Amino acid sequence: MLGKAKGPQKINQKQIAAMLNISQSTVSRALSGSRSVDTATRRKVLEAAKALGYTPNYLAQSLVLQRTRHLCYIMPTFGFIQGEVTSSILAGAGDTAGELGYRFTLVAEAQEELLTLAADGMYDGLFLTLEDPESALEQLNQILEANYPIVLVNCWLDDPRVHYVATDNWYGAYTATRYLQELGHRRIAFVGPLGGQIGKERFLGFKTAFQEASPGLDPQTLDVYWPKRIEELEKRLEEVFNFSPFPTAFVVSSDLTAIGLMRLLEKRGGGVPQDVSVIGFDDITTAAYNLPALTTVEIPGHRMGCEAMHVMYRLLNRKASSKPEQAIQIKVPARLIKRDSCQAPACSGS
């Protein structure tokens, strides 16, 4: 009697360990993305797994652990995806989730449904981006009491129980303003949202640096919402020409707004940077290719997304019997990128 034809043998972690002469537990940790494995070893394990055709048995793991390996990412509107920082965050979270054997669904305008999404069993955990996290505090309290994994991304709460990954917007704006002051500027104005969590933080960082150099003075400000297209901005930005005396430099809360302002200044006969210096925020792709290339504060979206997924993975793999741990709260540094849109003011002491 002919036996059943044997298909290709499935590679397991034990075989990978034997081939690399390391322990099976090291292979397991490397494949799961654990930070306890150094980068070189993890790379070797991943390369060997790929070469051997290793595929983890996620179905078996889900049945044993009673998990779906499916996460949910909630944001205010789908319009947020148009922003390069948000799309970079999603790419970072998605890339890392895939490496760790997870996937996530993107849901918009679902803040009122947080409790339902956390309780219906479809998702192992929730990522949450909100313009005003305080508005969801009541629901978050109930989720936290249930020890359900939730990570805030690009927003935060000053609460020792809340896990988040965000950027230090205050320091980014403070550093940008200090740079202009070091160039000799004193008449520096702020353009951008004065409300919302991120807008407030950027304005406060700017204001702190401004008032350190000019005690007792209030800076000139123009409250401008986050744009999706430069064309939306022109009428609103015209109001900067009401500033008196006119600023020699601007700190602008987004690169799109900064580029719109530079175009408007050029139309009105003001050159950047010879007449006016401009600093943006985010470091979108076009910032480096603008003429002049835009000095800006880099917001590392991809890194934020990766970090957020690693935090989520840690929460998902804590022991069920363990007590809630100290919240993981990460502020990814914002970095000033100096390009061509800033120089010393034409008149010293300006």
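Everything quoted here is computed from the prediction, not taken from an experiment.
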Can you confirm whether more than 12 heavy atoms, excluding those of [X], are under 6.0 Å from its [atom1] atom?
X	atom1	result
Lys44	NZ	no
Glu182	CD	yes
Phe246	CZ	yes
Asp158	CG	no
Glu266	CD	no

To check you understand the geometry: which heavy-atom pair defines the closest contact between [X] and [Y], and what is its length?
X	Y	answer
Trp226	Pro193	CE2-CG, 3.4 Å
Met122	His70	O-CB, 3.8 Å
Val272	Pro292	O-CG, 3.3 Å
Ala189	Pro247	CB-CG, 3.6 Å
Glu113	Gln139	N-OE1, 4.3 Å
Tyr164	Cys155	CB-O, 3.6 Å

- Message: Looking only at side-chain N and O atoms, does Tyr313 offer a donor or acceptor that is under 3.5 Å from a partner on Glu99?
- Response: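 Per modelled atom types, Glu99 and Tyr313 side chains form no pair under 3.5 Å.
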Could you verify whether a donor N or O on one side chain and an acceptor N or O on the other, from Thr129 and Tyr73, lie under 3.5 Å apart?
->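 Present: a donor and an acceptor within the cut-off.
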Test side-chain contact (heavy atoms from CB on, under 4.5 Å) on Leu106 and Ile81; report intermediate values, then the result. CA-CA 10 Å; Leu106 185 61; Ile81 305 172; 3.1 Å; yes
task: Using the six-membered ring wherever Trp is involved, compare the ring planes of Phe104 and Phe127 and label them parallel, tilted or perpendicular (cut-offs 30° and 60°).
output: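 Ring orientation of Phe104 relative to Phe127: perpendicular.
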TODO: Return the orientation label for the Phe210 and Phe206 ring planes: parallel under 30°, perpendicular over 60°, tilted otherwise.
DONE: tilted
| said: Checking Arg268 against Glu238 for the salt bridge (charged side-chain N to carboxylate O under 4.0 Å, His left out) test, could you report, in this order, the C-alpha distance in whole Å, the side-chain angles of both residues, the deciding distance, and whether it holds? | reply: CA-CA 10 Å; Arg268 291 292 194 96; Glu238 289 275 357; 2.4 Å; yes
In Å and rounded to the nearest 0.5 Å, what is the [atom1] to [atom2] distance from [X] to [Y]?
X	Y	atom1	atom2	answer
Asn147	Ile150	CG	CD1	12.0 Å
Ile299	Asn169	CD1	CG	5.0 Å
Thr86	Asp282	OG1	CG	9.0 Å
Leu180	Thr175	CG	OG1	11.0 Å
Ile328	His310	CD1	NE2	11.5 Å
Thr295	Asp283	OG1	CG	10.5 Å

Inset, instruction - Could you walk me through whether Leu140 and Asp159 pass side-chain contact (heavy atoms from CB on, under 4.5 Å), step by step? - result: CA-CA 11 Å; Leu140 287 173; Asp159 187 314; over 6 Å; no
Under 4.5 Å between side-chain heavy atoms, counting indirect links through other Ile/Leu/Val/Met/Phe/Trp/Tyr residues: same cluster for [X] and [Y] or not?
X	Y	answer
Trp156	Leu144	yes
Leu261	Tyr289	no
Tyr179	Tyr171	no
Tyr148	Leu152	yes

* To do: Would you please test Leu71 and Met309 for side-chain contact (heavy atoms from CB on, under 4.5 Å) and show each step?
  => CA-CA 10 Å; Leu71 306 168; Met309 184 60 218; 3.7 Å; yes
ring-ring contact (aromatic ring centres under 6.0 Å, His included) test vs Phe203 passes for just one of Phe190, Trp170, Tyr174, namely Phe190
*Using a strict cut-off of less than 4.0 Å between a Lys/Arg side-chain nitrogen and an Asp/Glu carboxylate oxygen, indicate whether Asp132 and Lys200 qualify as a salt bridge.*
no
After noting the C-alpha distance and the side-chain angles of Gln220 and Val240, does the key distance pass the side-chain contact (heavy atoms from CB on, under 4.5 Å) rule? CA-CA 9 Å; Gln220 296 171 312; Val240 300; over 6 Å; no
Just wondering, do Ile16 and Gln24 contact through their side chains at under 4.5 Å, heavy atoms? no
